[in-house]
Amino acid sequence: MAELSKTYDPKTVEPKWYQRWIDDHNFEADANSKKKPFSIVMPPPNITGVLTLGHVLNNSIQDILARRARMVGFEVLWLPGMDHAGIGTQTAVEKWLRKNEGVTRHDLGRETFLQRVLEWQDKHGGIIIQQLKRLGCSCDWTRQRYTMDEDYARAVAEVFVDLYEKGLIYRGRRMINWDPAAQTALSDEEVISKPQSGNLYYVRYEIVDEPGNFLEVATTRPETIMADTGVAVHPKDKRYTKLVGKDVWRPMPREKIPVVADDAIDPEFGTGILKVTPAHDKLDFEIGQRHKMAVIDVLTPDGKINCPAVPELDGLDRFDARSRAAELLDARGLLAKAEPYQNNVGFSDRSDVPVEPRLSEQWFLKYPKTKEALVVVKKHLIRFFPRHWEKVYEQWIKNIQDWCISRQVWWGHRIPAWYAKSQIPKTKPQIYVGLKPPKDPENWIQDNDTLDTWFSSWLWAYETMDLKTRKKFYPTSTLVTGPDIIFFWVARMIFAGLEFKPGKTTKTEDNIPFHDVFFTSIIRDKQGRKMSKSLGNSPDPLDLIDKYGADGLRFGLMRIAPSGQDIRFDEKQIEEGRNFATKLWNVARFRQMHGPSEAAPKLEKLSIYAIELLARLNETIDAVEKGYREYEFNTIGQRLYDFIWNDYCDWFVETAKTEIFSADESSKKSALAVMDYVLSAIVRLLHPFMPHITEELWSLLGLGDGSIQFAPLPKKIALKGVDLTKRNLVAAIYETVQAGRNLRALARVPSNQKAKFALRSKEEELSAEQGTIARLLSASELVINPSFQAGAGTPIATTALGEILLIVDVDLSAERDRLDKEIAKVEADLRIVESKLNNKSFVDRAPRDVVELNRQRQETYTEQLRLLKQAREKL
RNA sequence: GCGCGGUUAGCUCAGUGGUAGAGCACUACCUUGACACGGUAGGGGUCAGAGGUUCGAAACCUCUACCGCGCACCA
């Protein structure tokens, strides 16, 4: 047995064990195992990503679940991998190329560019995997997957072809969200609306029949006036009914456009007249369709004005054009007014620029199995933790729209669709969709677009597994993810599972992708702001690991992570995690100083303190068990922290010193055996949270054979034949000790000075505990005598055990004040209890034990009051 | 507008019907034979507000205010 060093050094211990676990293949899942399966697929981080605190939280939880499951006896698969992040990676590589080589992807061409992405990826990608290893993640790295793996990519294409053949995927010209920065279409989920302050411009449109008469139209986007092909009013709006059917002059370029009536108009907004710009607004497009209006597109893909008819604006950026358009209108007397106005604008999640609604030819998916997906969650075949996310999920599914799945980026899964070269313009194009190129490739051109990255991620729960693995481990047990991707990923994986049925049978319960979903918290900074690079408020987890150890970081974070709420991150909390690791280390060191530990200690001649400790351990095991059932990791962490620090270190170990330092070998042995038993339980309970230090202690103390990772979890000890009423005595002793210490502090006896105490108690068994109580009080002498006579002014406190007195000369008036205060407090408590007991309704209706508790309190307080008053009179 | 959370000690958060809790921070004492990343003791809260249910409400119900999030609208 190696000796424990004076301080715990995570920097050497953590990498040492991680390497050992890898070398021993401890994380590898055996698909042939007879054990029951437990599986998790890791939400794949982006290949460009670096570890954030969010990842730390997320993956710590997954690791905790995986490690716990191994100890319970499951065959565990935690399947890691990465995501190719189409838009994100392409943008990152383009940026790098521009900076380092001064070229764009168009300069290179598609094939060369993709080659460069692969090179870049090998060099700079996947850092996060190494970082996850430093955290201690017990993933099966032999099964690591990537969404661009050959097999995986083939599966994505197969799914596309399948859904196309089922008629669920179709190509169509529709209004989509266009990201002018990334120059691609986006799904609705990738658009976030943000409040923006701008102006509401009131623009004058002259009525054709009535020269000199104008309509006023309120708009936030004067730069799109050139694309107006009508104005619209509400059919019941009496102010304008006579105008419906007439024409007005579009201000620029000057052209006749019709006035139509449409129910979609809100008469209350602005002037009640809407300029209809079908090419650049979703609602306008629908109105345009209803009234057969023309569609004029005046924006280029990168968000510039394309309108040679108005040369002043042509070629300008859309935001420059906005103010310029207002100036132009004003100069022509066509701007009635402009008022400051705040509205919501859709931003691209990725590029953080306003999205343009745009009419475009794209691929869409009509979601399969939406009803079924709702049912499996409502019926709790899939359980959400916390439950309230069910409602969010339901709301989304009920309002679901077809998914725009094509992206105008090169990096990703290319759409397996080809168009006939010989097609005559304006006729329906001939489309070929298949896994292999058409037989006569010279006559076809493949679609340039790739698929939305999420269109590959939605297969992640099973396409990452080979058939044998799938048979053993699908459906997965638990998905751990952030609530921010509930639509992007969670819901879509459910659709995919139900639609493609990868399970062993066609039954629904064999095909859902997971049984439980745990939604983690979102980590914010102290001020409640989201962590972001630009704010610089996001600490680097690797720095935190260097400072506090991976175990410290994990524990600190887990203990403050309430389920389903945001976390306010404070480094102090991680420091606590580190301190806790040190505490554990030292209390183990204390044990080791008194000889080797036993892996199977015999629990004999239990002291009353040991009984209390073991009873508390049982309670802790129950609480931890319950915590896991309900995914309340902060509760588990807190319970273990309290048990170890308070029950074990502060109380038990301090009492046990009496036996350990005594000459009685058998009682010393007994105390050490209890320590071994409880330490063994502690490190096993704690192992999922703090894998490295617990493995180190398991090994150094020799608490069991082999790795702690596969040690069975501690079971509750049967305390048969043990007198549990002794717990009351222990509680009374601890209370008395605290009261005695309090007297010391009030009498200003310095901590390093021993003091004489007396205890007036009728408790018979107390003499055996005299030494321990004296130790806890740091007493030079402890007299136990029910009729101890003390001089006037002796500080006194009453407890369940009797009266504790501090034998010391003291200022009488101070002691008088103190007693008066204490008497007042006890009197107040007694009053509360008596008012209850005098209340007939309370006595009749409250549960018996509650009434009984109050009766006992009444007795105790009355007795305390009597003794205190007696003491007070003597002064 | 609809929906979901939240509001408890200076800070971060537990507490779901029976006399308000933890950690940090703060104050005092202490380097005593595991640990100063420590020990002991202490101060500090009309549990956002109002009403209701109840013998009893921080907890359950209703309303209000404020904070956060999602969806819809967003001319």
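Fair warning: this is a prediction, and the values are worked out from it, not measured in the lab. In what follows, chains carry the letters A, B, and so on, assigned in the order in which the sequence lines appear, proteins first and then strands, with residues in each chain numbered from 1.
Pair check for B:rG70 finds B:rC2; Watson-Crick or G-U wobble, both atom distances under 3.5 Å. The partner of B:rU12, taking Watson-Crick or G-U wobble pairs whose two distances both stay under 3.5 Å, is B:rA22. B:rA50 is paired with B:rU62 under the Watson-Crick or G-U wobble criterion, all donor-acceptor distances under 3.5 Å.
In this entry the distance linking CG of A:Asp188 with P of B:rG70 reads 15 Å, nearest Å. Here the P atom of nucleotide B:rG17 and the CG atom of A:Asp849 are 14 Å apart, to the nearest Å. Taking atom CH2 on A:Trp389 and atom P on B:rG6, their separation rounds to 11 Å, with Å as the unit. Remark: C1' of B:rG70 and CZ of A:Phe519 are 13 Å apart, rounded to the nearest angstrom. Nucleotide B:rC35 holds its P atom 7 Å from the CE atom of A:Met593, rounded to whole Å. Atom P of nucleotide B:rG15 and atom CD of A:Glu630 are separated by 11 Å, given to the nearest angstrom. A:His594 places its NE2 atom 12 Å from the P atom of B:rG33, with the value rounded to the nearest Å. Taking atom CG of residue A:Asn344 and atom C1' of nucleotide B:rG1, one finds them 13 Å apart after rounding to whole Å.
Classification of the A:Phe385-A:Tyr631 ring pair by plane angle, with boundaries at 30° and 60°, yields tilted.
Remark: the A:Thr655 side chain and the A:Lys657 side chain contain no N/O donor-acceptor pair separated by less than 3.5 Å. One side chain, A:Glu189 or A:Trp396, offers a donor N or O that lies under 3.5 Å from an acceptor on the other. In the model, A:Asp642 has a side-chain atom that pairs as donor or acceptor with a side-chain atom of A:Gln638 under 3.5 Å.
Using a 4.0 Å heavy-atom cutoff across all strands shown, A:Glu654 reaches at least one base atom of the nucleic acid. Within 4.0 Å of A:Ile265, counting heavy atoms only, lies at least one base atom of the nucleic acid. Using a 4.0 Å heavy-atom criterion, one finds that A:Leu853 contacts no nucleic acid atom at all. As judged by a 4.0 angstrom heavy-atom cut-off over every strand, A:Arg857 is placed among the base-contacting residues. Heavy atoms of A:Pro847 sit under 4.0 angstrom from at least one base atom. Nucleic acid contact class of A:Asp281 (heavy atoms, under 4.0 Å, all strands): sugar-phosphate only. A:Asn752 comes within contact range of the sugar-phosphate backbone alone, with a heavy-atom separation under 4.0 Å but no base atom that close.
Judged by distance alone, with hydrogens and angles left aside, the side-chain atoms of A:Asn399 form a donor-acceptor pair with the main-chain N or O of A:Gln395 at under 3.5 Å.
Close to B:rA34, at under 4.0 Å from its OP1 or OP2, lies a side-chain N or O of A:Lys657.
With hydrogens and angles ignored, no donor-acceptor pair closer than 3.5 Å exists between the side chain of A:Glu576 and the base of B:rA22.
B:rU12 and B:rG17: their C1' atoms are spaced 27 Å apart (whole Å). If you take atom C1' in B:rG70 and the same atom in B:rG51, they sit 31 Å apart, rounded to whole Å. If you take atom P in B:rG21 and the same atom in B:rU16, they sit 14 Å apart, rounded to whole Å. Look at the P atom in both B:rC47 and B:rG10: the space between them is 13 Å, to the nearest Å. With both ends at atom C1', the span from B:rU7 to B:rU64 equals 14 Å, rounded to whole Å. On the P atoms, B:rA72 is 42 Å away from B:rG18, given to the nearest whole Å. Rounded to whole Å, the P atom of B:rC73 lies 23 Å from the corresponding atom of B:rG5. Going from the C1' atom of B:rU32 to that of B:rA36 covers 13 Å, rounded to whole Å.
The side chain of A:Phe487 approaches B:rG70 more closely than any other nucleotide in the set B:rG18, B:rG70, B:rA25. In the set B:rC73, B:rG33, B:rA34, B:rA34 carries the atom at the smallest distance from any side-chain atom of A:Phe590. In the set B:rG70, B:rG18, B:rC30, the nucleotide with an atom closest to the side chain of A:Lys836 is B:rG18. The side chain of A:Arg589 lies closest to B:rC35, out of B:rA28, B:rC4, B:rC35. The side chain of A:Asn343 sits closest to B:rC74 out of B:rC74, B:rA22, B:rC71.
When each of A:Thr862, A:Thr860, A:Asn854 is checked for a side chain to side chain contact (heavy atoms under 4.5 Å, CB included) with A:Val833, only A:Asn854 meets the rule.
Annotation: the span from A:Tyr205 atom OH to A:Phe214 atom CZ amounts to 12.5 Å, rounded to 0.5 Å. Separation of atoms CZ (A:Phe757) and CD1 (A:Ile773) is listed at 11.5 Å; rounding is to 0.5 Å.
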How does protein reach along nucleotides 36-48 of chain B, written 5' to 3' as B (base within reach of a heavy atom under 4.0 Å), S (only sugar-phosphate), or - (no contact)?
-BSBSSS------

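Nearer to the 5' terminus of RNA chain B, by closest-nucleotide assignment, is the contact made by A:Lys391 (compared with the other of A:Leu830 and A:Lys391). When each of A:Asn854 and A:Val191 is assigned the nucleotide of RNA chain B with its nearest heavy atom, A:Asn854 is the one assigned upstream, toward the 5' end.
By the 4.0 Å N-to-carboxylate-O rule, A:Glu356 lies close enough to A:Arg221 to be salt-bridged with it. Between A:Glu576 and A:Lys572 no salt bridge is recorded (no basic side-chain N to carboxylate O distance below 4.0 Å).
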